[in-house]
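Okay, so here's the structure we're looking at.
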There are 2 protein chains.
Amino acid sequence: MTTLETVRPPTNDTEERLLDAALTLFAEKGYEAASVREIIEATGVTRPVLYYYCSSKEDLFKRLVHWKHDEAYRELTKTVTDTKGCANRLRAIMRGSFAFCATDPRVPRLMFQTHFGPTIPGIAEFMTEVAKLRFLIVQQVIQDGLDGKEMSGGDAASLSLIFCCIMDQHINVLARLPKPKKRLTIELADSLVDVFLYGVGSGKRAPVSLPPFAAG
Amino acid sequence: MTTLETVRPPTNDTEERLLDAALTLFAEKGYEAASVREIIEATGVTRPVLYYYCSSKEDLFKRLVHWKHDEAYRELTKTVTDTKGCANRLRAIMRGSFAFCATDPRVPRLMFQTHFGPTIPGIAEFMTEVAKLRFLIVQQVIQDGLDGKEMSGGDAASLSLIFCCIMDQHINVLARLPKPKKRLTIELADSLVDVFLYGVGSGKRAPVSLPPFAAG
DNA sequence: CTTGAAACCTAACGACCGTTAAGTAGGTAT
DNA sequence: ATACCTACTTAACGGTCGTTAGGTTTCAAG
């Protein structure tokens, strides 16, 4: 149940405002383009203050991601344990992720832009590790669904990748548009799960058989 | 059939080597992190040579994207016109895109990383415009499918977004891993279209009904 | 009243960035 | 011979970046 190594959440008020300003600017312009100068200016402090709380820009970013990820991860695991059945769980995951992202669109903007964007040395591996935790939850849910014959058509990894592609890219795209709260709705979440489960074709059902996912 | 304004392809040998080195480095490190110094160094020329052929780094990037996009776009439209039926066309699009990306993985790495990554002023709007052309092809194919009752469950825009999420993110993820040619296979392409059309659920079919896509 | 740690400040550091001014070698047209 | 164009060169320009050395305020503990 531990996510990565535990990171203390911000205690000091200045530190929290610093992380919040960093969240805003990293989400808006990306890790590289958002400078520490802008971040400290938005916070209303001087540069050494930032380096008093964080050892580097990279450290600031990682602590920020950790902070928000832990929050999302806790909600996600609770969602899964509170729900029974594969289809219901997938619906709950999609709904919960949409709701979480709609609450503060800066978070998905930051996370997915960084994860799907160009590789940043020292950051990319970290993002991959963080994303893997989320992915494994989905994969376990789908594995249970395969075991319980609720679904079929491929291995858990391949199917999870499809599910996450649909979920994450919808969030990434829609969270960047205005009024994401109007877009990341429960109805859309449910419909996307329906498409994942039943498809959009009206013809008779063809047997789906994904090739196994080749790791490495 | 015109894509954007026409851009002359590279004629000079030096210019082509410049664009090729730019493709490699932009794909590897992203637009911001790849410096003109690295690009000219990889090409084996001095900096003013780059500015002799391109008016700026941004111009270099856009010309590069244009060049490769036009190539892909031509193949894509040919693929669609050569194929009949919505499902077959979707299969052809997915197969063709996979094949194109497997041929030179630098291209999808560059395109999708830039498009899905953080917003870059002066580049983002351009990428959106380029991506829209691809999207509209898919949307037209799906609109035809809806009109011909080959599929149902939502408007063409929403369904196209789902299809593109699956296709593009699989390319984006798999093209970044080693040996993308072993991953972006015909079999996977076909299976992803199957999932799009028929889903992965083994239970009885539920009616899918996506909420309309809210533009703006 | 002193000590010392926490929380900040001013002012700079060196490195890298995209870009360009100014000059030159080599070929071609007049 | 001269003028001109293409394809380059050397050598800098001003700017922004992340980071830090070193000093100051605040305030609670001894």
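In this text, all values refer to a predicted model and were calculated from it rather than measured experimentally. Labels below follow one simple rule: chain letters A, B, ... track the order of the sequence lines, proteins then strands, and each chain is numbered from 1. These numbers come from the heavy atoms of this one structure, side chains and all, not from hydrogens, waters or symmetry mates.
Using a cutoff of 4.0 Å between basic side-chain nitrogens and carboxylate oxygens, A/Lys29 and B/Glu32 are not scored as salt-bridged.
Look at A/Tyr51 and you'll find a side-chain N or O under 4.0 angstrom from OP1 or OP2 of D/dT19. The phosphate of D/dC8 has OP1 or OP2 within less than 4.0 Å of a side-chain N or O from B/Thr14. In terms of phosphate contacts, A/Thr46 brings no side-chain nitrogen or oxygen within less than 4.0 Å of OP1 or OP2 of C/dC8. Residue A/Tyr52 places no side-chain N or O under 4.0 Å from the OP1 or OP2 atom of C/dC8.
Within the 3.5 Å criterion, the main-chain N or O of A/Arg109 finds no donor-acceptor partner in the side chain of A/Arg176.
Looking only at side-chain heavy atoms (C-beta outward), A/Asp155 and A/Gln143 stay at 4.5 Å or farther from each other.
Here the side chain of A/Pro48 is nearest to one of C/dG18, C/dC9, C/dA7, namely C/dC9.
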message: Using the rule given for ring pair (Phe, Tyr, Trp, His ring centres under 6.0 Å), can you reason through A/Phe98 versus A/His170, listing the C-alpha separation, both sets of side-chain angles and the distance that settles it, and then say yes or no?
response: CA-CA 9 Å; A/Phe98 274 27; A/His170 271 81; 7.3 Å; no
query: Passes side-chain contact (heavy atoms from CB on, under 4.5 Å), B/Phe163 versus B/Val141? Steps please.
result: CA-CA 11 Å; B/Phe163 185 83; B/Val141 167; over 6 Å; no
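Atom-to-atom, CG of B/Leu60 to P of C/dG18 comes out at 11 Å; the value is rounded to the nearest Å. D/dT16 atom C1' lies 16 Å from atom CG of A/Leu25, rounded to whole Å. In this structure, CG of B/Asp59 is placed 12 Å from P of C/dT20, rounded to the nearest angstrom. Spacing between atom CG of A/Asn12 and atom C1' of D/dC27 amounts to 15 Å, rounded to whole angstrom units. Rounded to a whole Å, the CG atom of B/Leu18 is 13 Å from the C1' atom of D/dC8. Whole-Å rounding puts the A/Ile123 CD1 to D/dG18 P distance at 12 Å. Atoms CG (A/Leu50) and P (D/dG18) sit 10 Å apart, rounded to a whole Å.
Residues B/Gly44 and A/Glu58 both approach DNA chain D. Their nearest nucleotides, taken by heavy-atom distance, put B/Gly44 toward the 5′ side.
Under the salt bridge (charged side-chain N to carboxylate O under 4.0 Å, His left out) criterion, A/Glu71 pairs with A/Lys68, sequence neighbours left out.
Taking the six-membered ring where the residue is Trp, B/His69 and B/Tyr73 present tilted rings, their angle falling between 30° and 60°.
Within residues 29-41 of chain B, the residues having any heavy atom closer than 4.0 Å to DNA chain C are, in order of number, B/Ala34, B/Ser35, B/Val36, B/Arg37.
Put simply, the side chain of A/Arg47 and the base of D/dT20 share no donor and acceptor less than 3.5 Å apart.
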